[in-house]
Asker: 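Below you'll find the structure I mean.
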Amino acid sequence: MNKTLTMKFGGTSVGSVSAIRQSAQLIKSAKADWQNVIVVVSAMSKVTNLLIEGTQAAILGQSKRYQSIADELTRMHSDVIFELLTSQAEQDHAYGRLTAHIDEFKSLCHAIEILGEASPRAMDVVSSLGERINYHVVAAHLREIGVSAEAVLATELIRTDSVFQSASPDMLISRQITQTRLNPLLEAGSVPVITGFLGATEHGAITTLGRGGSDYSGAIVAACTDSHELWIWTDVPGVMTGDPRVVKNARTLPKVTYREVSELAYYGAKVLHPKTIRPVLESGTALWVKNTFDPNGEATLIVPDGSPTDSISPLRAVTAIKGQTMITVEGRGMIGVQGIAARTFGAVARAHASVTLITQASSEQSICFSVPTSDGRRVVTALEEEFSRELHRRDIDSILTLDDVVIVTVVGSGMQHTPGVSGRIFSALGNKGLNIIAIAQGSSECAISLVTSATDADESVRTIHELIVGEN
Ligand code: ASP
Ligand code: MG
């Protein structure tokens, strides 16, 4: 019998009574094949968004809005509790937890309303409530279908730094405390059901690992327990060649390398949180992405870089992130001047924006990069401050912005050894009259990114996708 399996269920996989039933059956059947099964669960889908919306309403003093969110959250979860759970004792327990957490939500929103602001630390307490409500429900349902299960709060397992909203785990301590807490449960044949998304500092303050961070939780727990495999259960058939909403003939990729999946995750393919890879890579845990709603259907195995992926084409998948702003810092006075790039990105960092793509032409007359449009204004203001003297002296002529652009990224580790790949991509786009605004290729040669206008984006994705499926 196999030894240890960690399974992580995302928001849609635990987002309704039928989804929880389905996920629980998957856990039950895994328990028949594996000695130890560990489960990590997200909040029900939409819940984290609602919680965050509640805090924003509180900041603005809209108490009616957060009250009505509290009611909506109560209704969503109590509907599930009373329909899914059958025993009075389990219902009472889960409902008791729910009402306690909703009270916590209301008090926190009230406090935020009085303060007129929400610190990152307060945000983590609020935004983790969805997981803290839901894991009780999943554990209770497992017990009712005959699987011995215990709800375990990740604050007891995952020790993080105090970078609230984007905390990083201390893997050594986490490993130690996770094993101390989980080993007795596993030895007794029980399935721990753990909250995704959150951890705690050494002083016990709740932290979160960033939006979509339950995948990362799954990887941390899998690594800390020396799991042989980590299965990420989601609502799509594994890692696909393209977004099926944009390209009709998207296909599941049976094998994808760590590097490829990281690039895809970074560039907007929402299959895996980008930080998921590192812990499992280091622990040698096999990582699968599977579809809860078609459990025996196609799935993707993430394999170490350099492993064969059974693909003929060097191109594997194409993805797009919308809502980007291109910013160009331009001027003849920049030629050969040292420190312009450092100052540019220093200003971006001070604006707390993350750069999604960078290009610079060799004449050094301009540096061009993109940020999410929501950060665009702040970045431009920071750049204008940073370069006020150069702008005044006309060494820098202008800081230009282009809103509403899209980064289209083609990924494939085989590109490294195949000349002519970018040529084929550009010809295909050119033949259709699709305009490329900027290009960037990392030196790893595992991905090429193009910037297009929002109007050309979907067609560019489809054109590149034809090259992918045409060759596979
Ligand atoms: N519930 C969290 C979020 O929506 C974490 C996750 O689902 O992965 O961001
Ligand atoms: Mg997710």
Side-chain angles (χ1 to χ4, degrees), residues 6-16 19-20 23 38-56 69 72-73 76-77 80 98 101-102 104-105 108 118 120 122-138 151-155 157-158 160 163-169 193-200 206-222 230-236 239 261-262 264-266 268-280 287 289-293 321 354 372 374:
T6 296
M7 300 208 267
K8 179 261 163 178
F9 292 89
T12 43
S13 304
V14 287
S16 64
I20 298 177
S23 297
I38 300 168
V39 170
V40 174
V41 290
S42 293
M44 289 175 70
S45 49
K46 304 197 186 80
V47 165
T48 314
N49 287 349
L50 279 172
L51 291 163
I52 292 171
E53 201 189 318
T55 59
Q56 283 155 355
I69 290 177
E72 192 174 343
L73 291 168
M76 279 171 79
H77 287 99
V80 170
L98 169 64
H101 285 315
I102 295 294
E104 190 183 343
F105 171 71
L108 286 160
M123 287 301 298
D124 278 357
V125 180
V126 180
S127 61
S128 62
L129 277 166
E131 275 74 8
R132 292 192 281 137
I133 294 169
N134 204 31
Y135 78 133
H136 288 294
V137 181
V138 176
V152 180
L153 196 55
T155 52
L157 312 176
I158 300 180
T160 71
V163 181
F164 294 97
Q165 302 210 276
S166 178
S168 301
V193 179
I194 303 162
T195 48
F197 190 39
L198 61 103
I206 291 185
T207 52
T208 65
L209 307 173
R211 288 306 309 272
S214 298
D215 294 340
Y216 191 23
S217 307
I220 296 166
V221 169
L230 167 63
W231 296 358
I232 303 269
W233 289 100
T234 177
D235 56 0
V236 292
V239 180
V261 83
S262 310
L264 283 169
Y266 183 74
K270 287 218 170 64
V271 282
L272 270 187
H273 188 282
K275 290 187 183 163
T276 313
I277 309 300
R278 191 165 156 204
V280 290
L287 172 58
V289 180
K290 295 179 177 241
N291 184 356
T292 314
F293 305 100
I321 12 177
S354 72
S374 52

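Keep in mind that what you see is a predicted model, and the values were worked out from it rather than measured. Start at 1 and go down the list; that is how both ligands and their atoms are numbered. Just the heavy atoms: all of them, side chains too, but no hydrogens, waters or symmetry mates, feed the values below.
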Asker: If we only count N/O pairs under 3.5 Å, is K8 in contact with ligand 1?
Answerer: no
Asker: Is D235 reaching over with its side chain to a backbone N or O of F293, donor-acceptor style, under 3.5 angstrom?
Answerer: no
Asker: Any donor and acceptor pair, going by atom type alone, linking the side chain of S23 with main-chain N or O of S13 inside 3.5 Å?
Answerer: yes
Asker: What do we get for H273 next to ligand 1 when only non-hydrogen atoms under 4.0 Å count, side chain, backbone, both or neither?
Answerer: neither
Asker: Just which atoms of ligand 1 are under 4.0 Å from any heavy atom in E131?
Answerer: 1 (N), 2 (C), 5 (C)
Asker: R278 side chain to A219 main-chain N or O, any donor-acceptor pair under 3.5 Å?
Answerer: no
Asker: Under the criterion side-chain hydrogen bond (donor to acceptor under 3.5 Å, both in side chains), I'd like the reasoning laid out for T208 against S127: C-alpha separation, chi angles, the key distance, then a yes or no.
Answerer: CA-CA 8 Å; T208 65; S127 61; 4.5 Å; no
Asker: Any N or O on G210 sitting closer than 3.5 Å to an N or O of ligand 1?
Answerer: no
Asker: Strictly distance-based, threshold 3.5 Å: is any side-chain N or O of E131 a donor or acceptor partner for the main-chain N or O of S42?
Answerer: no
Asker: What atoms of ligand 1 come within less than 4.0 Å of a heavy atom belonging to T48?
Answerer: 1 (N), 2 (C), 3 (C), 4 (O)
Asker: Is ligand 1 under 4.0 Å from a heavy atom in the side chain of S214, in the backbone, in both, or in neither?
Answerer: both
Asker: Looking only at non-hydrogen atoms, find the nearest pair between G130 and V47 and report the distance.
Answerer: CA-CG1, 3.6 Å
Asker: For H273 and L209, work out which heavy atoms get closest and say how close.
Answerer: NE2-O, 4.2 Å
Asker: Yes or no: does G213 have any heavy atom under 4.0 Å from an atom of ligand 1?
Answerer: yes
Asker: Under 3.5 Å between any N/O of D215 and any N/O of ligand 1: does that happen in this structure?
Answerer: no
Asker: Show the atoms of ligand 1 that are less than 4.0 angstrom away from any heavy atom in R211.
Answerer: 3 (C), 4 (O), 9 (O)
Asker: Numbering the atoms of ligand 1 from 1, which are under 4.0 Å from a heavy atom of S42?
Answerer: 6 (C), 7 (O), 8 (O)
Asker: So is G212 touching ligand 1 or not, going by heavy atoms under 4.0 Å?
Answerer: yes
Asker: Over all heavy atoms of both residues, which pair between I220 and P169 is shortest? Give the atoms and the distance, please.
Answerer: CD1-CG, 3.6 Å
